Amino acid sequence: MSERVAIFDTTLRDGEQSPGCSMNLEEKLRMARQLESLGVDVLEAGFPIASEDDFAAVREVARTCRRPVIAALCRTTPEDIERSWEALADAARPRIHTFIATSDIHLQYKLQKTREEVLEMSRRAVRLAKSFTTDVEFSAEDATRSDLDYLCEVIEAVIDEGATVVNIPDTVGYTIPAEYTKIIETLRNRVRNIDRAVISVHCHNDLGLAVANSLAAIAAGARQIECTINGIGERAGNASLEELVMAMRVRRDLMPYETGVVTEEIFRSSQTLSNITGVLVQPNKAIVGKNAFAHEAGIHQHGVLRNRLTYEIMTPESVGVKTNSIVLGKHSGRHALGKRYEEMGYALSRPELDKAYKLFTKLADQKKEIFEEDLVAILQDGFAQIPERYKLRALQATAGTATLATSLVTLLDTAEDREMTETSAGDGPVNSVIEAIDKITGLRGSLLDYTVRAITRGTDAVGEVFVHVEFDGTSYTGKAASTDIVDGSARAYLNAVNKACYARARARNAA
Ligand code: KIV
Ligand code: ZN
């Protein structure tokens with residue numbers, strides 16, 4: 001049996017469904033490109049029937065990412081399957097992923113169908129999907145709470161119809177490794193045609209067992225794992241890609257499986273995702289958390305200084321965490337900057353380097369040393385694709401313990417090419433700045449979430465501000481990096497305002 005395990009990434013589908021993790025088209029494309037560099041085998045880009053945006057995202061990811069298989073999710077109805085195929089039409093390697101629940105509890109309460117009906121719907125769905133493409137995946141939703149005899153019957157039937165991958169999801173994160181092992185072994189022993197399909201697993205983390213369950217299934221013979229960056233996903237999330245891949249790499253002695261993942265791209269993938277969504281990684285998160293390679297206790301530090309193997313089971317470099325800081329400052333030239341970006345894995349075109357250099361010199365005027373994190377922030381902040389309807393021209397804010405915070409904000413309205421200034425008072429400087437921006441734009445935003453974190457070191461650190469803002473019932477993320485928190489907050493808020501303006505303009509054009 002092959003020891004190659006396919007990594008099926010569902011960050012853009014199951015991951016994107018989780019609260020606070022929604023992404024717009026440009027953000028999905030940026031994440032998809034990073035996942036392609038990471039080397040995932042399958043990239044599930046969305047659920048095309050769910051919305052026009054999901055459809056567009058699948059279509060654009062399929063046009064952009066040519067190496068991985070691009071999967072699109074659909075239920076078993078003909079409209080769902082046809083819509084998926086439409087979105088996948090330009091893919092170099094398309095996969096239709098169709099699913100239906102097989103547990104009695106889902107059949108009775110959700111689908112209100114009999115077992116016979118669901119069996120027939122599964123057969124028909126795979127038959128139709130197969131008429132479009134050879135690569136068809138079937139998922140038996142809530143498989144781990146399904147009657148095992150019935151699950152075997154459905155799986156055998158869909159393989160007879162041509163399913164090339166059969167997924168056995170632990171949809172509600174209910175199973176445990178020993179039980180999941182038994183389910184996979186039973187399928188391998190009882191399903192007559194099982195050797196004609198790859199067994200896939202898809203685990204949710206409700207009991208914190210998603211990674212352990214996925215690895216148990218691989219040992220039992222599954223050869224595809226569905227997972228997400230940072231473990232994002234419905235409820236408690238999905239199995240975390242970085243944990244799975246590194247567990248197999250570090251414990252190769254017990255799990256001798258290969259994946260195509262370029263592990264050095266793991267940290268960058270994690271950062272890209274949290275940068276896009278504004279959902280920060282918990283500091284003690286395995287592999288990608290800020291403390292994953294930090295040694296605090298004196299005894300540990302002593303041991304690591306003598307030999308890293310004393311307390312490190314993998315090197316930070318193996319997942320792309322650089323431990324060396326770089327010293328770039330205001331005297332560094334364009335060439336040094338370009339070279340440093342190259343070493344970090346970013347090949348910038350000449351105009352991109354020019355733009356990055358401009359932002360770099362501005363930052364270098366504000367802080368003495370520029371670290372790698374600053375350079376990533378420059379790219380991620382300065383290269384955002386959303387057209388800027390409003391640009392911050394000037395900002396003045398005052399605050400104190402005994403005075404009401406006030407601010408004066410000037411914005412350039414690029415659509416009308418005119419500058420507008422407003423003043424406002426509020427509960428604090430950030431609140432008053434937001435009030436002033438709202439007065440100018442005429443949009444009334446409701447701040448759902450606001451996070452600030454220092455992304456570089458020192459008292460002159462760059463702080464990153466993330467906001468979730470709701471305009472007319474739709475929420476948008478915004479982010480910005482700055483050495484000044486009030487300035488960063490204004491820019492992050494404006495980033496969300498510009499996204500809202502862009503979404504409205506697109507909706508108007510589509511109508
Ligand atoms: O959790 C689940 O069962 C799913 C399926 C659609 C694969 O996400
Ligand atoms: Zn799921």
Side-chain angles (χ1 to χ4, degrees), residues 6-19 21-22 40-51 54 58 69-77 80-81 83-84 87 95-107 109-111 118 121-122 125-126 129 135-146 150-151 154-155 158 163-175 179-180 183-184 187 197-211 213-214 217 222-241 244:
I7 297 296
F8 176 117
D9 180 277
T10 184
T11 305
L12 297 179
R13 200 277 299 168
D14 214 327
E16 209 251 353
Q17 280 171 222
S18 58
C21 288
S22 58
V40 303
D41 298 283
V42 186
L43 205 167
E44 186 163 58
F47 191 176
I49 198 113
S51 69
D54 248 52
V58 174
V69 168
I70 306 297
L73 187 69
C74 48
R75 289 166 299 190
T76 50
T77 62
D80 265 51
I81 296 168
R83 191 78 178 135
S84 277
R95 173 180 297 179
I96 295 179
H97 177 192
T98 183
F99 77 99
I100 191 165
T102 50
S103 67
D104 287 337
I105 192 162
H106 277 237
L107 264 61
Y109 295 106
K110 188 179 82 173
L111 300 174
V118 166
M121 287 164 81
S122 308
V126 172
D135 191 347
V136 174
E137 172 166 340
F138 173 83
S139 281
E141 190 189 10
D142 205 18
T144 53
R145 292 193 302 168
S146 302
Y150 179 60
L151 181 66
V154 172
I155 294 299
V158 295
T164 42
V165 180
V166 286
N167 186 30
I168 313 300
D170 183 29
T171 304
V172 290
Y174 178 70
T175 199
E179 182 186 56
Y180 209 30
I183 294 173
I184 303 298
L187 287 163
V198 171
I199 300 177
S200 172
V201 288
H202 174 117
C203 296
H204 281 269
N205 207 29
D206 300 67
L207 293 173
L209 292 172
V211 168
N213 286 334
S214 304
R223 283 295 175 268
Q224 175 179 280
I225 308 183
E226 307 196 358
C227 48
T228 59
I229 299 291
N230 296 344
I232 65 167
E234 280 280 3
R235 304 181 310 280
N238 287 67
S240 138
L241 182 149
L244 286 161

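As the structure lists them, so they are numbered: ligands from 1, and atoms in each ligand from 1. Predicted, not measured: the structure shown is a model, and the values here were computed from it.
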(request) Kindly say whether A210 contributes a backbone atom to a donor-acceptor pair with the side chain of N205 at under 3.5 angstrom? (result) yes

(message) Hydrogens and angles aside, do T144 and D170 bring a side-chain donor and acceptor to less than 3.5 Å of each other?
(response)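 Yes, side-chain donor-acceptor contact under 3.5 Å.
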
(message) For the residue pair T102 / S146, report whether a side-chain donor-acceptor contact shorter than 3.5 Å exists.
(response) yes

(message) Once ring pair (Phe, Tyr, Trp, His ring centres under 6.0 Å) is applied, do any residues pair with F8, and if so which ones, sequence neighbours excluded?
(response) H97

(message) Quick test: of every protein heavy atom, which one is nearest to atom 7 (C) of ligand 1, and how far off is it to 0.1 Å?
(response)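 Here the closest protein heavy atom is S139 OG, 3.7 Å.
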
(request) Measure the distance from atom 5 (C) of ligand 1 to every protein heavy atom, then report the residue, atom name and distance (to 0.1 Å) of the closest one. (result) R13 NH2, 4.0 Å

(message) Within the structure provided, determine whether Y174 and D142 are in side-chain contact (heavy-atom separation under 4.5 Å).
(response) no

(message) Using side-chain heavy atoms (C-beta onward) and a distance below 4.5 Å, is D9 in contact with L241?
(response)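 Yes, close enough: below the 4.5 Å cut-off.
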
(message) Need the ligand 1 atom indices (1-based, order shown) with element for anything under 4.0 Å from a heavy-atom of P169.
(response)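 Those qualifying, in numeric order: 3 (O).
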
(message) For a distance under 2.8 Å, give residue and atom name for each protein N, O or S atom next to the Zn ion (ligand 2).
(response)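 Correct list: D14 OD2, H202 NE2, H204 NE2.
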
(message) At under 4.0 Å between heavy atoms, is it the side chain or the backbone of H204 that contacts ligand 1, or both, or neither?
(response) side chain

(request) Return yes when E234 approaches ligand 1 closer than 4.0 angstrom through a heavy atom, no otherwise. (result) no

(message) L207: which residues meet the side-chain contact (heavy atoms from CB on, under 4.5 Å) condition with it, sequence neighbours left out?
(response)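 L207 satisfies side-chain contact (heavy atoms from CB on, under 4.5 Å) with L209 once adjacent residues are dropped.
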
[X] N/O under 3.5 Å from ligand 1 N/O:
X: D14; result: yes
X: T171; result: yes
X: E141; result: no

(message) I need the minimum non-hydrogen distance between I155 and I168, along with the two atoms involved.
(response)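 Scanning both residues, the minimum pair turns out to be CD1-CD1, 3.9 Å.
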
(message) As a quick check of understanding, evaluate side chain to side chain contact (heavy atoms under 4.5 Å, CB included) for F99 and N167, giving each step before the final call.
(response) CA-CA 9 Å; F99 77 99; N167 186 30; over 6 Å; no

(message) Using the salt bridge (charged side-chain N to carboxylate O under 4.0 Å, His left out) criterion, which residues pair with D14? Sequence neighbours excluded.
(response)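 Scan of D14 (salt bridge (charged side-chain N to carboxylate O under 4.0 Å, His left out), adjacent residues dropped) gives none.
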
(message) For atom 2 (C) of ligand 1, which of the options H106, H202, E137, R75 provides the nearest non-hydrogen atom?
(response)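 Looking at heavy atoms only, the winner is H202.
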
